[in-house]
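The block underneath contains the structure these notes are about, expressed in structure tokens.
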Amino acid sequence: MTANVFRAERIGKSYPGVRANDDVSFAVAAGEIHALLGENGAGKSTLVKMIYGLVRPDDGRMWLGDDPHAPTDPRAARAAGVAMVFQHFSLFDALTVAENIALGMENPPPRRKLAARITQVSHDFGLPLNPGRRIVTLSAGERQRVEIIRCLLQNPRLLIMDEPTSVLTPQEAELLFATLRKLAAAGTAILYISHKLEEIRAHCDCATILRHGKVVDSCDPRAQSARELAAMMVGGEMRVIDRSGRQAGDVLLKVEGLSQPAPSAEGMRLKRVSLTLRAGEILGIGGVAGNGQEELLAALSGEVRSTPGTIALEGRDLSSKGPEPRRVAGLLAAPEDRLGHAAVPDFSLTENTLLTAGARKALVRGGLIDHAGARTYAEAVIRDFDVRTPGPGTAARALSGGNLQKFVVGREVMQDPRVLVVNQPTWGVDAGAAAAVRQSLLDLARRGAGVIVISQDLDELLELSDRFCALNEGRLSDPVPTAGLTLDRIGLMLGGAHGMEEARA
Amino acid sequence: MIDPISVFLLLLSASTPILFAALGELVVERAGVLNLGVEGMMIAGALAGFAAAYASGNPFLGFLVAALAGATISMLFALLTQVFLANQVASGLALTLFGLGLAAMFGKPFEGVRAPPMPMGPLRINWIVWLGLAMVPAIWWFLNRSRAGLILRGVGENHDAAHALGYGVRATRAAAVAFGGAMAGIGGAFISIATVLQWTEGMTAGAGWIALAIVVFSRWTAPGVLAGAWLFGGVTVLQLRLQAAGVDVPVQLLSMAPYLATILVLVLISARQKFSRHAGGAAPGSLGINFHALR
């Protein structure tokens with residue numbers, strides 16, 4: 001066994017009201033890809049923030065090699081040889097690739113030298129990058145390359161990756177793992193955070209599992225099944241998704257030749273989108289973010305009107321109708337952004353139910369709000385969807401992401417829509433809650449509704465949908481049956497995307 | 001009738017106060033802070049600089065004191081917005097009102113006295129005008145080529161990312177605000193010490209607001225600020241000349257001209273797609289948003 005590059009011993013950290021980490025000990029060896037596995041809120045992010053010097057532990061000790069590791073800020077951590085690829089917030093959109101990389105280094109070389117080194121290192125690792133490009137013009141995969149190159153230029157001893165594949169296509173993820181393998185072979189220790197179990201099983205040498213801030217187990221992920229890993233993560237058996245009892249019925253929703261101009265300079269044009277949705281069917285729409293998902297949802301929900309004759313629900317043309325008439329007709333939608341789009345942050349849950357359920361649930365009569373009725377409905381959503389909150393009077397802002405997501409989806413599902421369109425229904429939601437949300441969508445379809453699931457999580461789409469379409473550059477592919485579809489095939493449907501051929505060369 | 005060289009020399013002089021204030025505000029906004037108190041900091045500099053120059057007989061000492069005065073009252077804004085996380089727009093407006101009121105109160109004893117004469121620099125152009133011109137490439141170099149400037153832009157573009165990488169968001173911003181205050185102070189003092197040569201209440205007459213508009217006009221670049229200041233200064237000088245020449249246009253319209261010209265160009269530029277985020281010519285991403293670190 002090789003020497004440990006990093007070791008943590010009895011690390012603990014408290015926030016007001018929460019013990020984020022408690023008595024956490026683990027070690028990462030040189031050349032090892034070590035997974036840190038856990039649900040949302042299990043304390044993974046807090047733990048790596050301590051290693052990177054963003055947060056200081058309350059107790060416990062860390063070692064890097066043979067030296068004690070107690071960084072006071074990220075710059076000290078970088079100087080000691082720790083590099084980190086963040087889940088969010090770490091690139092500067094208006095700055096160039098080279099400027100972004102310079103900001104992530106302690107002593108960057110002069111501009112021209114740095115540009116030359118970026119070009120060289122990025123080619124060596126098969127991740128080509130143009131140092132003069134601005135970040136806004138890059139795709140998600142390319143942005144991540146920037147982050148990785150930024151770390152590589154510092155020759156780190158320990159590389160931390162916080163959920164790096166959540167925005168990548170399967171091919172891009174493969175490329176990332178190939179890079180990580182090369183790094184590990186060169187002796188770098190890699191700490192890899194994710195809740196994607198298949199990915200961890202395929203690529204990691206060792207896994208430490210966190211639950212409620214504590215290390216509950218550690219194992220060789222290659223020797224475990226995804227179910228076993230999930231059980232360790234959740235601390236109990238996972239609910240099995242029940243897909244049974246559905247049969248495709250009549251055509252409910254027909255979209256034909258839907259084209260929309262881009263809503264903003266950074267938005268995406270929809271190009272002749274057509275689809276048919278039957279009763280009892282779930283249609284999955286996959287694609288990398290920014291390929292028209294939000295625009296498609298806006299066109300279906302009625303936020304943006306379209307050309308007459310493009311959207312019809314049960315034979316009735318709804319193209320020129322706004323969201324409220326569409327809801328009355330039975331076409332409901334739950335957008336991706338929970339806080340601010342699907343729910344008003346400072347409104348109570350009761351008030352938030354009124355916003356979409358007012359008409360269908362007859363909560364507004366003669367222009368007056370039926371408060372008691374709204375409250376009862378909000379309570380029903382909270383109960384049936386297991387939303388953890390003190391009560392319907394709580395502000396939407398106060399709920400955690402997963403709980404608010406359950407509420408937002410529940411609010412629509414319980415209105416018994418004819419057709420429900422959801423975008424990223426389980427984004428940032430932990431495994432238990434995600435399973436509940438997915439099951440509710442399946443149950444809705446079983447009762448005869450049609451469901452369109454737009455998601456970037458391909459495993460989710462494979463699990464839920466009967467047919468799959470790819471949304472790429474605002475174009476929707478022809479649907480293919482999900483049964484027998486592989487991740488590789490889907491990756492190709494998504495266009496392989498973003499200079500992959502070039503990157504492989 | 002209108003000699004282009006003399007108009008240009010007057011233009012240099014007329015644009016200098018706005019050039020200083022706008023260059024300072026440019027750095028502040030590049031750090032992600034919107035300080036609407038430019039007018040207040042200018043008037044504070046105008047009075048403090050005038051008082052110091054009058055008392056000591058040395059106009060350069062006046063400019064130094066003006067810079068200190070501008071920086072000092074800008075720290076009030078920094079305290080409110082960076083430490084107490086107060087709303088930047090409200091704090092900036094308050095700073096303007098505070099500066100105007102403070103200067104009016106302490107300015108009484110200095111009404112009716114004259115500033116000491118200002119020695120001329122090369123080409124019979126005021127030293128401070130030269131300083132202002134030199135600041136344009138200096139600030140461009142600082143922002144685009146120096147490490148500190150890169151960190152400052154990073155803080156302004158995405159403060160969460162800058163914090164995650166270990167840069168001090170609040171300290172960077174406070175330093176930028178102080179620099180902006182000093183520059184606004186010098187700009188204000190140029191009006192009282194080098195142009196009007198005396199102290200009058202409210203003498204900055206909206207120059208601070210024009211400076212703010214010019215920063216937007218410049219698309220947050222130093223050369224753009226120079227162009228904007230010259231445009232405003234040029235139209236100002238031109239309309240004064242036209243007034244003096246007795247052109248048959250109502251005086252009110254002529255006086256309005258510099259402001260109208262600035263607004264017009266601002267609108268025309270905003271309509272151009274070329275200045276989108278993709279070209280890097282847009283407002284800093286975190287402009288006007290307070291930074292709150294979760295620890």
| Which atoms of A/Ala77 come close to chain B, meaning under 4.5 Å heavy atom to heavy atom: side chain ones, backbone ones, both, or neither? | neither
| query | Which bit of A/Arg133 comes within less than 4.5 Å of chain B, counting heavy atoms only: side chain, backbone, both or neither? | reply |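 No part of A/Arg133 comes within 4.5 Å of chain B.
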| task | Return yes when atom CD of A/Glu294 has more than 12 non-hydrogen atoms of other residues, nucleotides or ligands closer than 6.0 Å, and no otherwise. | result |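 Atom CD in A/Glu294 is not packed in, count stays at 12 or less.
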| More than 12 heavy atoms from other groups under 6.0 Å of CZ on A/Arg269 |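 Atom CZ in A/Arg269 is not crowded, with 12 or fewer foreign heavy atoms closer than 6.0 Å.
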| Who passes ring-ring contact (aromatic ring centres under 6.0 Å, His included) against B/Phe232, sequence neighbours left out? |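 Result, ring-ring contact (aromatic ring centres under 6.0 Å, His included) vs B/Phe232: B/Tyr259.
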For the atom pair [atom1] ([X]) and [atom2] ([Y]), what is the distance rounded to the nearest 0.5 Å?
{"X": "A/Leu91", "Y": "B/Glu157", "atom1": "CG", "atom2": "CD", "result": "10.5 Å"}
{"X": "A/Asp73", "Y": "B/Leu165", "atom1": "CG", "atom2": "CG", "result": "11.0 Å"}
{"X": "B/Arg153", "Y": "A/Leu103", "atom1": "CZ", "atom2": "CG", "result": "8.0 Å"}

| Taking all non-hydrogen atoms of both residues, which atom of A/Met105 and which atom of B/Tyr167 are closest, and how far apart? | O-OH, 4.1 Å
With a 4.5 Å cut-off on side-chain heavy atoms, are [Y] and [X] touching?
{"X": "A/Leu95", "Y": "B/Leu150", "result": "yes"}
{"X": "B/Asp160", "Y": "A/Phe86", "result": "no"}
{"X": "A/Pro74", "Y": "B/His163", "result": "no"}

| task | Could you tell me which residues satisfy salt bridge (charged side-chain N to carboxylate O under 4.0 Å, His left out) with A/Arg157, sequence neighbours excluded, listed by chain and number? | result |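 So A/Arg157 forms no salt bridge (charged side-chain N to carboxylate O under 4.0 Å, His left out) with any residue.
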| said: I'd like to know which of A/Gly104, A/Ala102, A/Ala76 tops the heavy-atom pair count under 4.5 Å against chain B. | reply: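 Among the listed options, the one with the most contacts to chain B is A/Ala102.
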